[in-house]
Amino acid sequence: MHLSASLPHERIRRGFTALLLVGIATACTSTAPRTGIPRPWDSARQMIVVTTADWDASEGQLRRFERTDADWHPLGPVQPVQVGRSGSAWGLGLHPDPQADTGAPIKREGDGRSPAGVFAIGEAFGYAERIDTALDYLPMQASHYCIDVPGSPLYNRIVDTGEVGAAAAEGSTEPMRRDIHADGDHRYAQGFVIRHNPAHQSPAGSCIFAHVWKAPDVPTAGCTAMSADEMSALLGWLRTDARPVFVLLPDAEYARLQADWRLPPITDAQDILHDR
């Protein structure tokens, strides 16, 4: 009687101990927030945030954040950027699919708008054979193009015409060596891929990059552009193992979604932070 009565108690004790150990392990290894709807970027430890005045603004502000614990911490001063000449529009990324009935614009090929939302950061690219970055790096050659031709089976992909054939790039306006094909243009000397439209849906928008600006007052066709110094700093900071993400939103949308999407709060004090 004494033995059989002690078995349930022993099982309960062991079960409680196992659950406690699992709980401790989870608490020590999980970086995702424990409340709210899980977001695909919950595991990100680096975030680039670009905000604009409204949907039609072509200028913006770039901030860097890093997460070393449960909270986001700002890094470095706010930097000016240029976005699409027509402003921004909801893109396709890690965030929920945009709804056309909200009244906000939806990104389309050739609309001159930068995609808004939360996006994974892809490979770095540039004119040099190698650069200082922990991202995967693709040195561009004269034969590299990004295909922005709606309906192409290679839509929204960087390709080497030496491998896919010159016909595959016919009609593309995105040679990746603009210094060779566009009279010495330096804008793609360094940059990285913003993973808008990862399913390559045509014509939802293609070839979205962060890159060097032509000039501080010149907007883009849909990318995000910045000074060469800031681009070099970003590439030296970004790490693939930190699962970095890129966020672009108008101010009002950022304020509306910040808590629900667990984005870093933006404060006036951040504008005067010096680089750490």
Side-chain angles (χ1 to χ4, degrees), residues 40-41 43-50 60 62-67 75-76 79-84 91-94 114-115 117-148 154 156-164 169 172 174-182 184-198 200 205-214 220-248 275:
W41 55 91
S43 61
R45 300 194 304 279
Q46 291 181 324
M47 183 177 287
I48 297 171
V49 173
V50 171
L62 182 148
R63 294 169 170 86
R64 282 191 278 163
F65 296 89
E66 193 163 63
R67 182 160 55 193
L75 286 175
Q79 296 289 338
V81 294
Q82 288 287 328
V83 298
L92 299 174
L94 301 174
S114 295
V118 183
F119 308 92
I121 289 176
E123 301 85 356
F125 60 83
Y127 298 165
E129 186 62 29
R130 58 181 60 86
I131 63 170
D132 180 17
T133 186
L135 295 178
D136 292 337
Y137 178 68
L138 302 174
M140 296 290 99
Q141 308 298 328
S143 54
H144 282 103
Y145 287 78
C146 189
I147 305 303
D148 58 355
L154 298 174
N156 196 31
R157 294 172 172 87
I158 296 176
V159 301
D160 185 344
T161 56
E163 298 176 357
V164 301
S172 173
E174 291 289 348
M176 298 304 295
R177 285 298 300 265
R178 298 186 61 83
D179 58 331
I180 296 172
H181 295 285
D185 192 320
H186 64 275
R187 281 177 282 184
Y188 289 177
Q190 288 190 351
F192 60 81
V193 174
I194 298 170
R195 292 196 182 280
H196 160 69
N197 191 15
H200 313 290
S206 62
C207 307
I208 304 300
F209 310 132
H211 60 74
V212 177
W213 59 26
K214 183 176 182 179
T220 73
C223 296
T224 296
M226 64 201 72
S227 71
D229 287 345
E230 178 60 13
M231 177 54 65
S232 293
L234 286 181
L235 290 172
W237 169 67
L238 289 166
R239 307 188 321 273
T240 302
D241 65 355
R243 298 172 182 163
V245 293
F246 180 93
V247 179
L248 190 154
D275 205 1

Heavy-atom side-chain contact between [X] and [Y] under 4.5 Å:
X: Ile158; Y: Val193; answer: yes
X: Arg243; Y: Met47; answer: no
X: Phe192; Y: Leu235; answer: yes
X: Asp160; Y: Gln141; answer: no
X: Leu62; Y: Val49; answer: no
X: Glu230; Y: Arg64; answer: yes
X: Leu248; Y: Val83; answer: yes

Might you point out which heavy atoms bring [X] and [Y] nearest each other, and give the distance in Å?
X: Cys223; Y: Ser114; result: O-OG, 2.9 Å
X: Pro139; Y: Ala128; result: CB-O, 3.5 Å
X: Asp148; Y: Ser172; result: OD1-CA, 3.2 Å
X: Thr133; Y: Ala124; result: CG2-CB, 4.3 Å
X: Trp41; Y: Leu94; result: CZ3-O, 3.5 Å
X: His196; Y: Phe119; result: CA-CD2, 3.8 Å

Taking [Y]'s backbone N and O only, do any of them form a donor-acceptor pair with [X]'s side chain (distance below 3.5 Å, no angle check)?
X: Arg45; Y: Asp241; answer: yes
X: Thr224; Y: Ala210; answer: no
X: His181; Y: Arg178; answer: no
X: Arg67; Y: Ala44; answer: yes
X: His186; Y: Trp213; answer: yes
X: Gln46; Y: Arg239; answer: yes
X: Thr220; Y: Ala225; answer: no

Report task. Would you please indicate yes or no on a ring centroid separation below 6.0 angstrom for Tyr188 and Phe209? Result ->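 Close enough - the centres of the two rings lie under 6.0 Å apart.
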Rounded at 0.5 Å granularity, tell me how far [atom1] in [X] sits from [atom2] in [Y].
X: Met176; Y: Met140; atom1: CE; atom2: CE; answer: 5.5 Å
X: Met231; Y: His211; atom1: CE; atom2: NE2; answer: 8.0 Å
X: Phe246; Y: Leu234; atom1: CZ; atom2: CG; answer: 9.0 Å

Requested in this report: List the steps, then state whether side-chain contact (heavy atoms from CB on, under 4.5 Å) holds for Glu123 with Arg195.
Outcome: CA-CA 9 Å; Glu123 301 85 356; Arg195 292 196 182 280; 3.1 Å; yes
Query raised in the report: How would you list, by chain and number, every residue that makes a side-chain contact (heavy atoms from CB on, under 4.5 Å) with Asn197, sequence neighbours excluded?
Result: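 For Asn197, the residues satisfying side-chain contact (heavy atoms from CB on, under 4.5 Å) (neighbours in sequence not counted) are Leu92, Tyr155, Asn156, Gln201, Ala204.
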Query - Listed partners of Ala169 passing side-chain contact (heavy atoms from CB on, under 4.5 Å), at least two apart - result: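 With neighbours one apart ignored, the set is Tyr145, Ile147, Thr161.
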Query - Between Gln190 and Ser232, a side-chain donor and acceptor under 3.5 Å - result: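 Short answer, yes.
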Query raised in the report: What's the verdict on side-chain contact (heavy atoms from CB on, under 4.5 Å) for Ile121 and Leu238, showing C-alpha distance, side-chain angles and the deciding distance?
Result: CA-CA 9 Å; Ile121 289 176; Leu238 289 166; 4.0 Å; yes
Requested in this report: Walk me through it: do Cys146 and Cys207 pass the test disulfide bond (SG atoms under 2.5 Å apart)?
Outcome: CA-CA 6 Å; Cys146 189; Cys207 307; 2.2 Å; yes
Requested in this report: Validate the cation-pi geometry between Arg177 and Tyr127: distance from NZ or CZ to the six-membered ring centre under 6.0 Å, angle to the ring axis within 45°.
Outcome: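 Yes, cation above the ring, under 6.0 Å and within 45°.
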Query raised in the report: Under the side-chain contact (heavy atoms from CB on, under 4.5 Å) criterion, do Val247 and Ile48 qualify, and how do the steps go?
Result: CA-CA 6 Å; Val247 179; Ile48 297 171; over 6 Å; no
Requested in this report: Could you check Arg63 against Leu75 for side-chain contact (heavy atoms from CB on, under 4.5 Å), going step by step and ending with a plain yes or no?
Outcome: CA-CA 8 Å; Arg63 294 169 170 86; Leu75 286 175; over 6 Å; no
